[in-house]
Protein chains: 2
Amino acid sequence: MTTDYISRIRRFHRAVTSEVGLLDSSFLGRGRPLGPARVLNAIGGGRTEVSEIRSYLSLDSGLLSRLLRGLEGEGLIEVEDGETDGRRRSIRLTLAGAQEYAAYEALSDAQAAEILGKHAMPEKLLAAMDLIATALGKERIHLEEADPRSTAAQACMSAYYTELSSRFERGFDVALSCDPDASDMERPRGTFLIALSDGLPVGCVGLKGTTKGYGEVKRLWVSQEARGLGLSRRLMTELERIAQDVGIELLRLDSNSALGEAVALYRKTGWTEIERFNDDPYPDLFFEKRLARSWSG
Amino acid sequence: MTTDYISRIRRFHRAVTSEVGLLDSSFLGRGRPLGPARVLNAIGGGRTEVSEIRSYLSLDSGLLSRLLRGLEGEGLIEVEDGETDGRRRSIRLTLAGAQEYAAYEALSDAQAAEILGKHAMPEKLLAAMDLIATALGKERIHLEEADPRSTAAQACMSAYYTELSSRFERGFDVALSCDPDASDMERPRGTFLIALSDGLPVGCVGLKGTTKGYGEVKRLWVSQEARGLGLSRRLMTELERIAQDVGIELLRLDSNSALGEAVALYRKTGWTEIERFNDDPYPDLFFEKRLARSWSG
DNA sequence: ATTTATACCTGACCTAAGTCAGGTATAAAA
DNA sequence: TTTTATACCTGACTTAGGTCAGGTATAAAT
């Protein structure tokens, strides 16, 4: 019972295909096969060029052409020749098309609400979905440099603060900590990295440039559902690469013994413990790592 | 970001269809379309009669016939007339068919292993899958009377004990508790109910018959992943129905204030708190409920 | 014994989805 | 300017999956 993970995965598989198949076939509720419905959704989602739609839905060129002719015949889309390139064509929803698209959106929303309605604690269900989506989409998680003032970055950091509050016995108050200025975590002095899984931010780390002869690693965070996928290591590796890139030769960071996984990672990846180098009240562990000089520097 | 549950469900949907679609199309790895592969799997899974397969896969009678003729032509199955009913026909895998089925099983296992291999904590991933499969399959959860000595029942009870150990500050040791004898939780004096979600036991409750003028409710448990689906209420309702059925007019139970949800349920469903009626060291709350006399009694 | 229902089969037909080989107009490279 | 590549389109064809109207043999009901 406990070790039979295969039957558990199959059970998941069955549940999800019967239910998600239902989600898919909800597209059928409007008397249109899946193909054209998907194309309409791609267009409504903001994709305008034929080639864009083709690669997004990975459709054969001929097939897409026919589907587009069909939607055109229904009066849902209009096709016009590209402005800069006469070969390319761009697609626009007509008024009727926009209405039809909105109807599909509404169907999709209703389905989502129905699934959540099955549970007294929908947040638990969503958390499980996030975990699975993130794990299955592991290969598609990509790192991106972002403005630390952006919505996504702010969301990461506030999740990070929440995490610290729950981890530290005394709680955590950003105001008391050495809060790095956003401009210190931007090129050319530093950077801020976000890990995105299909659009959802699931991790971050900041590189703070200083004038003290070293760069500082700040705000390393991986969301609950993305843990166990080796993401913090990926974030740190990329951060070190960028640090070298901007000419930093020595990195420092402060941490806390309550953050066991992070500390273990530092120890495993070439960081050495050093004496306290700041007066932030929260950290009780301090590390540094010397980087190989960048060939370009 | 936080309230946008629809985009989170869609993200889950995308992840799962691309990955589980992969699981489905793994069936294609053996040069056979999905249809016949599904039929072969149904037969390998122990379904022998044509009508059984038809309803399991919800296939049209004509379509299934053709698929069976195909598999027969490949030499994978043998069809023979039913023994008791000459209209029914039963299907058997040939040696080649059994090998082919085994090959599909191996493919499926490999896929499962690959998915789990993506995660450093596969148990977490499986738990999330269980949660989702159970929630999506909520309507298909059914209650079943079972022998309290059966594997499924024992699995439920040991999960129940583990739960109690973690809930009670002093832990929990069955040996010290009033452990009901299996024979007390069987017809005609009592019963043992199991909730099954697609074969997986996700909850239980026992009705213990006594000679003291009342029946006792024991071992009400709902697994972590099935909480929030109203299952304990369903179990209790069914248990009370059976209690009436076997002629019990008064039910009693003991519980503990550490089991908040359960206690809240009792209070909400017509149970009244009474004085201690046993000397079990664990419970600190005692309830009883008078049942309407069964019309058949 | 006759009628009705059931279980499975067959043939004819349909739709969705996709592949593939050209074809046409435009853009970019030589 | 000629050649080559690109973007899209069209027509012919294929496969998978499925529906539907009978047909045949057997079982159950009357």
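Note that these values count all heavy atoms, side chains included, but never hydrogens, waters or copies made by symmetry. These numbers come from a predicted model, not from an experiment. Reminder, nothing fancy here: chain letters follow the sequence lines and each chain counts from 1.
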_Modelled atom types, side-chain donor and acceptor of E225(B) and T134(B), under 3.5 Å_ =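 No pair is found: no donor N or O on one side chain lies under 3.5 Å from an acceptor on the other.
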
Between T94(B) and E78(B), does a side-chain hydrogen bond (donor to acceptor under 3.5 Å, both in side chains) hold up when you go through it step by step? CA-CA 6 Å; T94(B) 62; E78(B) 275 169 357; over 6 Å; no

Problem - Those residues that, when tested against P36(A), pass side-chain contact (heavy atoms from CB on, under 4.5 Å) (two or more places apart) - result: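 P36(A) satisfies side-chain contact (heavy atoms from CB on, under 4.5 Å) with R32(A), P33(A), L67(A), L71(A) once adjacent residues are dropped.
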
So which one's nearest nucleotide on DNA chain C is more toward 5', S61(B) or G62(A)?
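Counting from the 5' end, the first nearest nucleotide belongs to S61(B).
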
**OP:** On DNA chain C, check which nucleotide each of R32(A) and G86(A) is closest to and give me the residue with the more 5' one.
**Re:**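 Comparing both residues, the 5'-ward one is R32(A).
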
Taking the nucleotide of DNA chain D with the nearest heavy atom to each, does R69(A) or R87(A) sit closer to the 5' end?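 It is R87(A), whose closest nucleotide lies nearer the 5' terminus.
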
Are [X] and [Y] close enough for a salt bridge, meaning some N to O gap below 4.0 Å?
X: D130(A); Y: R11(B); result: yes
X: E80(B); Y: R89(B); result: no
X: R187(B); Y: D245(B); result: yes

What nucleic acid atoms does [X] come within less than 4.0 Å of, heavy atoms only: base, sugar-phosphate, or nothing?
X: R66(A); result: base
X: S65(A); result: base
X: D85(A); result: sugar-phosphate
X: L64(B); result: nothing
X: T84(B); result: sugar-phosphate

Query raised in the report: Between atom CG in D60(B) and atom C1' in dC14(C), what is the gap in whole Å?
Result: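 So the CG-C1' distance, D60(B) to dC14(C), works out to 13 Å.
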
#### Entry: Rounded distance in Å - CG (L67(A)) to P (dG18(C))
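L67(A) atom CG is separated from dG18(C) atom P by 8 Å.
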
Notebook entry, point to check: Restricting to pairs with a member in residues 44-68 of chain A, which pass side chain to side chain donor-acceptor pair (under 3.5 Å), not counting sequence neighbours?
Noted result: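 Qualifying pairs: E49(A)-R88(A).
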
Between dA17(C), dA12(C), dT19(C), which nucleotide has the shortest distance from any of its atoms to the side chain of L34(A)?
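Among dA17(C), dA12(C), dT19(C), the one nearest the side chain of L34(A) is dA17(C).
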
**Asked** chain B on DNA chain D: first and last contacting nucleotide, 5' to 3', under 4.0 Å to a heavy atom?
**Response**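 Answer, 5' to 3': dA16(D) to dA27(D).
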
